[in-house]
Asks: 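One structure, as structure tokens, below. Some questions next.
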Amino acid sequence: MRTQPDFLARHVGKLISSSQRIAALTGAGISTKAGIPDFRGPRGLYVTRQYDPDKVFDIDYFLSDPRPFFQFARDFIGLEETLTPTHTHRFLAKLEAMGKLEGIVTQNIDSLHHKAGSKQVYEMHGSFWQSFCRDCRQEFSYPLMCKKLLAEEIPRCSCGGVIKPDVVFFGENVKFLPESYALAETADLLFVIGTSCVVYPAALLPTLTKGQVVVVNLDKVKISTHNPILEIQGDIDEFFEQVEAYMVC
Ligand code: CNA
């Protein structure tokens, strides 16, 4: 594990202190320490193949055979109650409570930002909290969907339609796009945390902001923007623990 030179944490602590409108774009890397594997990190699903993301999260595949997704969904709900937010989820919630952070755009479907206490969270790729019948659009609550997932291989509505959690698959439109763009455009400091920035349109956000971009990620991330970018290549929680220690607000 790389440790970050102190001066970077101190510098980012000062940036936070002098910023008025902070925004954050988060990806699966912020939740790996909570026990949820990412896609493209060193122990991600594209490496371990524990689930095949190309089958599990592809809408065309789901329409032809939804079983791989429901197998993943059953495992996920089994894990969900035990999941607790990481230091960085809580740190972002604190920045919002201090009036520093305007909002978070997340690609994650794990609801850990909400669990940490963040209020303004745009879940671009949806979440498990609501599910809908693909045919009649009847809504199913999370507890009801959990029951159905455990009882049925393919959860179905009384009309016979397949019920799909409101998670955005590859091939579907993302949510909260105008709100997410507006948040990035008006930020004076944009954190890009734990994302490989290869999934669009989320990956466009750092190119839209007029503010300073701070990228925190284990792997190097390619971002094409004319804005100044500060890159911290290292562990997210280790870095933000240092930042918090240096912050003077
Ligand atoms: P990704 O492509 O898997 O990238 C994650 C990045 O985070 C990688 O570059 C890793 O190197 C980095 N990373 C992992 N752990 C750490 C750490 N501790 N410290 C620093 N960096 C770390 O994931 P993206 O979010 O970019 O891709 C978007 C996909 C992933 C969305 O469609 C999500 O729905 C999907 N996803 C979400 C979750 C979740 O909700 N927790 C989990 C897995 C995948």
Side-chain angles (χ1 to χ4, degrees), residues 1-4 8-9 12 24-59 61-62 69 72-73 75-77 79-80 82-89 91-92 104-116 118 121-129 164-177 180 191-206 214-223 231-243:
M1 192 69 56
R2 262 171 288 240
T3 48
Q4 290 305 316
L8 280 179
V12 170
L25 167 65
T26 66
I30 195 174
S31 297
T32 52
K33 283 269 178 80
I36 310 173
D38 59 6
F39 278 180
R40 299 175 187 83
R43 286 189 286 274
L45 296 183
Y46 280 119
V47 178
T48 64
R49 308 307 287 188
Q50 184 189 2
Y51 308 98
D52 182 346
D54 297 328
K55 286 184 180 167
V56 170
F57 296 110
D58 183 87
I59 191 62
Y61 197 95
F62 180 85
F69 171 73
F72 161 81
D75 292 348
F76 182 79
I77 60 158
L79 200 67
E80 196 277 322
T82 65
L83 292 177
T84 53
T86 63
H87 173 269
T88 306
H89 287 106
F91 178 64
L92 294 177
I104 298 169
V105 178
T106 189
Q107 299 165 85
N108 295 345
I109 55 173
D110 56 30
S111 300
L112 285 177
H113 285 299
H114 288 294
K115 269 194 179 174
S118 288
V121 184
Y122 297 119
E123 292 177 313
M124 229 184 193
H125 295 172
S127 76
F128 274 87
W129 294 110
K164 177 180 169 291
D166 203 19
V167 167
V168 176
F169 284 21
F170 294 121
E172 291 187 301
N173 290 330
V174 299
K175 298 169 183 295
F176 305 113
L177 195 54
S180 302
F191 283 116
V192 178
I193 304 172
T195 172
S196 55
C197 277
V198 297
V199 177
Y200 283 82
L204 282 177
L205 262 58
V214 175
V215 177
V216 187
N217 206 66
L218 276 180
D219 297 316
K220 197 151 176 52
V221 179
K222 259 196 196 160
I223 295 176
E231 281 189 74
I232 290 99
Q233 220 182 321
D235 181 78
I236 295 164
D237 280 348
E238 283 179 20
F239 180 68
F240 282 107
E241 275 163 23
Q242 284 182 305
V243 170

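Atoms within each ligand, like the ligands themselves, are counted from 1 in listed order. The chain is numbered in sequence order, starting from 1.
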Asks: Any N/O of Asp110 closer than 3.5 Å to an N/O of ligand 1?
Replies: yes
Asks: Using a 4.0 Å heavy-atom threshold (strictly under), name the region of Ser196 that reaches ligand 1: side chain, backbone, both or neither.
Replies: both
Asks: Using distance alone, determine whether Leu218 and ligand 1 share an N or O pair under 3.5 Å.
Replies: yes
Asks: Starting from atom 33 (C) of ligand 1, which protein heavy atom do you reach first, and at what distance in Å?
Replies: Gln107 O, 3.1 Å
Asks: Measuring from non-hydrogen atoms of Gly234 to any atom of ligand 1, is the shortest distance under 4.0 Å?
Replies: yes
Asks: Nearest protein heavy-atom contact for atom 10 (C) of ligand 1: which residue, which atom, what distance?
Replies: Asp38 OD2, 3.5 Å
Asks: Does Ala28 reach ligand 1 with a nitrogen or oxygen that is under 3.5 Å from one of the ligand's nitrogen or oxygen atoms?
Replies: yes
Asks: Which of these, Phe72, Phe170, Phe62, sits in a ring pair (Phe, Tyr, Trp, His ring centres under 6.0 Å) with Phe57?
Replies: Phe72
Asks: Give the intermediate values and the outcome of side-chain contact (heavy atoms from CB on, under 4.5 Å) for residues Met124 and Val199.
Replies: CA-CA 11 Å; Met124 229 184 193; Val199 177; over 6 Å; no
Asks: Do ligand 1 and Ile236 have nitrogen or oxygen atoms that lie under 3.5 Å from each other?
Replies: yes
Asks: Taking only Lys NZ, Arg NE, NH1 and NH2, and the carboxylate oxygens of Asp or Glu, determine whether Asp219 and Arg40 approach each other closer than 4.0 Å.
Replies: no
Asks: Are the side chain of Asp237 and the backbone of Thr88 linked by a donor-acceptor contact shorter than 3.5 Å?
Replies: yes
Asks: Report the distance from atom NE2 of His113 to atom NE2 of His89, rounding to the nearest 0.5 Å.
Replies: 4.5 Å
Asks: Flag the pair Ile30 / Leu112 as yes when at least one side-chain heavy-atom distance between them is below 4.5 Å, and no otherwise.
Replies: no
Asks: At less than 4.0 angstrom from any non-hydrogen atom of Pro37, what atoms of ligand 1 do you find?
Replies: 42 (C), 43 (C)
Asks: Do other residues, nucleotides or ligands put more than 12 heavy atoms under 6.0 Å from the NZ atom of Lys55?
Replies: no
Asks: Are side-chain heavy atoms of Val12 and Phe191 found at a separation under 4.5 Å?
Replies: yes
Asks: Determine whether any heavy atom of Ala203 lies closer than 4.0 Å to an atom of ligand 1.
Replies: no
Asks: What part of Asp219, side chain from CB on, backbone N/CA/C/O, both or neither, has a heavy atom under 4.0 Å from ligand 1?
Replies: both
Asks: Can you figure out which of Arg40, Lys33, His125 has its heavy atom closest to atom 32 (O) of ligand 1?
Replies: His125
Asks: Purely on distance, is any nitrogen or oxygen of Val198 under 3.5 Å from one on ligand 1?
Replies: no
Asks: Considering both backbone and side-chain atoms of Phe39, is one of its nitrogen or oxygen atoms within less than 3.5 Å of a nitrogen or oxygen in ligand 1?
Replies: yes
Asks: Using heavy-atom distances, let me know which of Gly41, Gly194, Gly27 sits nearest atom 5 (C) of ligand 1.
Replies: Gly194
Asks: Using a 4.0 Å cutoff against the non-hydrogen atoms of Ser31, which atoms of ligand 1 qualify?
Replies: 41 (N)
Asks: So that I can tick it off, tell me whether Asp235 and Lys33 are bridged by a salt bridge, with the cut-off set at under 4.0 angstrom between side-chain N and carboxylate O.
Replies: yes
Asks: Counting N and O atoms only, with roles assigned by atom type, does the side chain of Asn217 sit under 3.5 Å from a partner on the main chain of Gln233, one being a donor and the other an acceptor?
Replies: no
Asks: Nearest 0.5 Å, what's the CD1-CG distance between Ile36 and Leu79?
Replies: 6.5 Å
Asks: Quick one: does ligand 1 sit under 4.0 Å from the side chain of Ile36, the backbone, both or neither, non-hydrogen atoms only?
Replies: side chain
